[in-house]
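Here is the structure we will look at.
Numbers restart at 1 for each chain; the letters A, B, ... are given by sequence-line order, proteins then strands. Side chains are part of it too, since the values below use all heavy atoms of this structure and drop only hydrogens, waters and symmetry mates.
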Number of protein chains: 2
Amino acid sequence: MPKKLTIRDIAELAGVSKSTVSRVLNAKQDVDPATREHILKVIEEHTFVLDMAASKLAGGRSRLIGSLIPSLAWPLMPEIMRGISEVVAQSPYELILYSITHEQVHHDKEQRDIISRILHSNLASGILAVFPGPSICYLTELYEEGFPVVIIDDRSEPTSVPWVSADNRLGAHAATKYLLQLGHRRIAHIQGPADYRASQERYLGYCDALQEVGLAPDPDLVCPGGFTPTDGRSAASHFITMPNRPTAIFASNDHVAYDVLAAADEHGIRVPEQLSVVGFDDIAPSSYSRPPLTTVRQPFYEMGKQATEMLLALLERPSTQRRLQIADSPYAPEIHPKAPQLNQMHSPTRVRMSTNLVERSSCSPYKGHIDC
Amino acid sequence: MPKKLTIRDIAELAGVSKSTVSRVLNAKQDVDPATREHILKVIEEHTFVLDMAASKLAGGRSRLIGSLIPSLAWPLMPEIMRGISEVVAQSPYELILYSITHEQVHHDKEQRDIISRILHSNLASGILAVFPGPSICYLTELYEEGFPVVIIDDRSEPTSVPWVSADNRLGAHAATKYLLQLGHRRIAHIQGPADYRASQERYLGYCDALQEVGLAPDPDLVCPGGFTPTDGRSAASHFITMPNRPTAIFASNDHVAYDVLAAADEHGIRVPEQLSVVGFDDIAPSSYSRPPLTTVRQPFYEMGKQATEMLLALLERPSTQRRLQIADSPYAPEIHPKAPQLNQMHSPTRVRMSTNLVERSSCSPYKGHIDC
DNA sequence: CTGTTAGCGCGTTCAT
DNA sequence: ATGAACGCGCTAACAG
């Protein structure tokens with residue numbers, strides 16, 4: 001193990017002073033292009049890397065991003081993390097994982113503790129928070145005090161903190177419209193948890209599509225469900241066994257859609273012949289379910305990327321002016337379809353990414369009622 | 001935002017010198033219990049936390065663990081991560097995520113790059129490597145040079161690096177024995193990838209159980225498969241459609257078991273009435289498959305915990321003598337059933353955790369052949 | 001047992 | 001455009 005080189009070693013090797021090397025390393029101006037080149041070459045040859053601890057201590061940036069992550073077991077997390085990691089890997093930053101136990105997700109105090117741990121340890125110079133839940137208020141405070149924070153989706157309404165999510169309403173609209181175009185008219189919806197913004201938005205998208213064709217949402221065809229496995233069991237059974245049952249079901253998400261698939265199987269109803277079902281999220285197992293599930297894909301990977309790029313943009317700004325301006329950021333997003341142009345300061349930054357319908361085999365055209 | 005306190009502030013507040021504060025912070029001996037208490041109180045009152053950057057720079061430990069993680073999309077990862085996070089959270093350490101893209105998993109060079117990135121950035125003072133694959137050789141080098149490394153399972157044989165995995169052979173033995181006890185005699189096995197140690201071990205466990213009842217493994221009942229979704233499709237169809245088909249199938253893992261379930265469904269074979277199937281891993285969807293899958297649970301959560309505890313034990317040791325001795329470690333594992341007693345130095349540390357059969361609904365007693 | 005001194009590796013003034 | 005000196009917050013010698 002060759003002993004770790006310091007900036008001084010490089011300075012000596014290049015025949016200059018530490019300061020000059022430091023300047024090159026931090027991309028300062030006022031360095032002779034020739035010496036810059038030379039120093040860069042020496043650095044390259046010796047694969048020298050700055051000591052982050054020392055750099056941070058001396059007043060430089062820490063190049064560490066803290067990520068506040070809910071249970072990695074949520075099936076949407078891996079893709080989000082992939083997006084995050086990819087951007088981080090191509091940057092000079094590293095990612096610290098502050099993951100939250102499932103238990104803690106709902107406990108306000110625990111979250112406050114974690115955040116204070118992040119702050120006090122003084123490591124991370126920015127925070128990426130996925131589904132922060134109750135801690136959103138602390139994060140908002142932090143952000144308003146100038147600490148870089150970006151949020152990836154959440155249960156509640158976005159605050160002033162830059163915020164990335166998918167367009168749930170449009171996605172739900174697309175799903176419902178698709179069923180309508182297949183000829184379905186009795187389309188049921190199993191809702192997500194009432195306290196999730198996404199549930200509301202999906203419900204609204206469902207209503208939007210219905211109203212477009214002059215249909216009013218039928219209260220009998222809307223049932224509460226949830227977002228986790230088996231949350232949709234009873235609603236699914238209810239719809240399937242009710243007299244004059246719906247010919248299609250739009251589930252709050254894929255997990256609930258699986259419940260519908262299972263319930264249908266149990267009651268001898270064939271999908272898609274006798275019942276069409278659409279999910280939401282497009283998590284991995286949806287490609288392999290029986291039948292493969294038609295669903296609305298949330299661009300989790302892209303959301304992770306987008307959010308990380310936004311955070312990096314914040315991080316690269318002088319700390320005095322840490323409001324995000326997407327427009328002139330070096331990490332300007334390519335994808336933010338419905339994002340309003342936010343060039344002026346102090347306007348909340350929200351990026352809403354577009355979803356898209358993934359057609360698989362769980363839907364078929366309505367051909368009149370088929371008895372069991 | 002109250003300005004960050006330094007160790008000097010605390011020293012002044014407590015009326016002692018920085019060194020003394022440092023000593024109590026680092027749990028050194030030779031501190032008067034009275035002053036220790038007093039300082040601790042002051043620290044507590046002001047919720048002071050050491051600046052890790054400065055601490056590290058000054059020669060202290062970095063309290064940062066680097067985790068080398070393959071795709072988080074592997075369904076076993078969330079549980080492993082949960083185990084890791086939980087132990088890390090209760091320690092003064094933080095976790096840096098060096099996650100590897102799926103593409104990179106197999107590319108030797110990329111991995112070497114990541115490891116050198118870890119080393120050069122000089123942040124992490126230890127590495128937790130999950131399924132390191134090709135980079136195991138670098139990790140071994142590192143470990144032999146005294147850098148703390150612990151590995152959680154891998155495709156190849158363990159090296160001198162401390163290593164945690166589940167007992168695949170015993171697990172497979174249990175699964176097969178279970179089927180035998182249900183009366184099955186024609187038990188097929190779909191194998192995992194040939195270059196995975198786990199595949200071999202599971203196959204051996206399968207043979208063990210067969211031989212115990214005087215049966216020789218029938219080459220016609222063993223097929224190559226894989227570990228990822230759809231890897232088992234063709235093998236499953238093959239077994240199901242073959243004349244005198246097996247009455248039970250032991251799949252290399254749960255994904256492959258799902259393929260068997262799907263193939264059975266497709267061919268109108270009822271599980272478990274006409275065919276019993278057992279998986280391996282017990283990943284989350286196995287509780288919700290149709291029918292719920294009987295499978296061998298790998299204790300991923302416990303493996304994550306165990307490995308992290310081992311790493312912490314290494315980290316807390318003086319760097320001169322960084323060979324792991326489980327016995328007198330403060331993090332001595334409670335669970336390592338078949339682990340040999342490794343109290344002497346220089347012996348490789350392997351912890352093999354026990355699996356256990358989770359009975360659900362995909363198996364039933366053999367009652368003679370039932371035609372479709 | 002405790003305080004004093006001297007750096008750790010780097011960024012940032014100041015000079016030049 | 002570049003170099004010298006100082007200090008970030010802390011730990012590790014050494015005194016006492």
Side-chain angles (χ1 to χ4, degrees), chain A residues 2-40 42-43 46 48-64 92 119-123 125 316 318-319, chain B residues 3-40 42-43 46-64 92 119-123 125 315-316 318-320:
Chain A
K3 195 164 174 305
K4 182 110 179 40
L5 291 172
T6 77
I7 200 176
R8 180 181 17 223
D9 299 326
I10 301 299
E12 284 173 5
L13 286 159
V16 294
S17 75
K18 295 190 305 180
S19 322
T20 311
V21 178
S22 174
R23 280 191 267 264
V24 172
L25 252 13
N26 294 299
K28 302 281 183 192
Q29 311 310 318
D30 300 339
V31 178
D32 188 282
T35 54
R36 175 190 297 276
E37 279 315 306
H38 178 222
I39 294 176
L40 247 20
V42 176
I43 290 176
H46 298 263
F48 164 79
V49 180
L50 264 184
D51 182 312
M52 273 190 42
S55 170
K56 153 104 181 151
L57 183 56
R61 254 93 88 268
S62 87
R63 313 253 118 136
L64 244 29
L119 263 27
H120 283 294
S121 75
N122 205 7
L123 275 171
S125 50
E316 294 304 325
S319 55
Chain B
K3 195 163 173 307
K4 182 118 183 25
L5 292 172
T6 77
I7 199 176
R8 181 185 9 228
D9 299 326
I10 301 297
E12 285 174 6
L13 256 35
V16 295
S17 75
K18 294 189 308 179
S19 321
T20 311
V21 178
S22 175
R23 280 192 266 265
V24 320
L25 249 15
N26 294 299
K28 303 280 182 192
Q29 309 310 317
D30 302 337
V31 178
D32 188 285
T35 56
R36 173 189 298 274
E37 278 314 306
H38 178 220
I39 294 176
L40 246 21
V42 176
I43 290 176
H46 297 262
T47 63
F48 164 80
V49 180
L50 262 185
D51 182 314
M52 274 190 40
S55 170
K56 152 101 180 151
L57 182 56
R61 253 91 86 268
S62 88
R63 315 251 115 138
L64 243 28
L119 263 26
H120 282 296
S121 74
N122 203 7
L123 276 170
S125 50
L315 254 11
E316 295 304 324
S319 55
T320 52

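- Here the shortest heavy-atom pairing between B/Leu315 and B/Arg61 reads O-NE, 3.6 Å.
- Put simply, CD1 on A/Ile43 and CD1 on A/Ile7 are 7.5 Å apart, with the number rounded to the nearest 0.5 Å.
- Between its two ends, the helix from C/dC1-D/dG16 to C/dT16-D/dA1 turns its axis by 40°, counting five pairs per end and rounding to 10 degrees.
- Rounded to the nearest 0.5 angstrom, A/Thr6 OG1 and A/Leu50 CG are separated by 10.0 Å.
- B/Ala58 pairs by the side chain to side chain contact (heavy atoms under 4.5 Å, CB included) definition with nothing, not counting sequence neighbours.
- Protein chain A contacts DNA chain C over a range whose 5' and 3' limits, counting nucleotides with an atom under 4.0 angstrom from a non-hydrogen atom, are C/dG9 to C/dT12.
- Along DNA chain C, the nucleotide nearest to B/Thr20 and the one nearest to A/Leu57 differ in position, and the one closer to the 5' end is contacted by B/Thr20.
- With rounding to the nearest 0.5 Å, the separation of CZ in B/Phe48 from CG in B/Leu13 is 11.0 Å.
- Residue B/Asp30 is classed as a base contact, given a heavy-atom separation below 4.0 Å to a base.
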Contacts table for residues 18-25 of chain B: side-chain donor-acceptor under 3.5 angstrom, sequence neighbours left out:
| unit_1 | atom_1 | unit_2 | atom_2 | d |
| --- | --- | --- | --- | --- |
| B/Thr20 | OG1 | B/Ser17 | OG | 3.3 |
| B/Ser22 | OG | B/Asn26 | ND2 | 3.3 |

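- Residues B/Thr47 and A/His120 have side chains in contact (heavy-atom distance under 4.5 Å, counting atoms from C-beta outward).
- You'll find the side chain of A/Lys56 stays beyond 4.5 Å of the side chain of B/Leu57, heavy atoms only.
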Distance-only check: which donor-acceptor pairs under 3.5 Å involve side-chain atoms of residues 32-39 of chain B, not counting sequence neighbours?
| unit_1 | atom_1 | unit_2 | atom_2 | d |
| --- | --- | --- | --- | --- |
| B/Asp32 | OD1 | B/Ala34 | N | 2.7 |
| B/Thr35 | OG1 | B/Asp32 | O | 2.8 |
| B/Arg36 | NH2 | B/Lys28 | O | 2.9 |

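- The side chain to side chain contact (heavy atoms under 4.5 Å, CB included) check on A/Leu64 picks up A/Met52, A/Ser62, A/Glu94, A/Ile96, A/Leu123, B/Leu123, with sequence neighbours excluded.
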Letter per nucleotide, 5' to 3', of nucleotides 10-16 of chain D [B base touched, S only sugar-phosphate touched, - untouched; heavy atoms, 4.0 Å]:
BSBB---

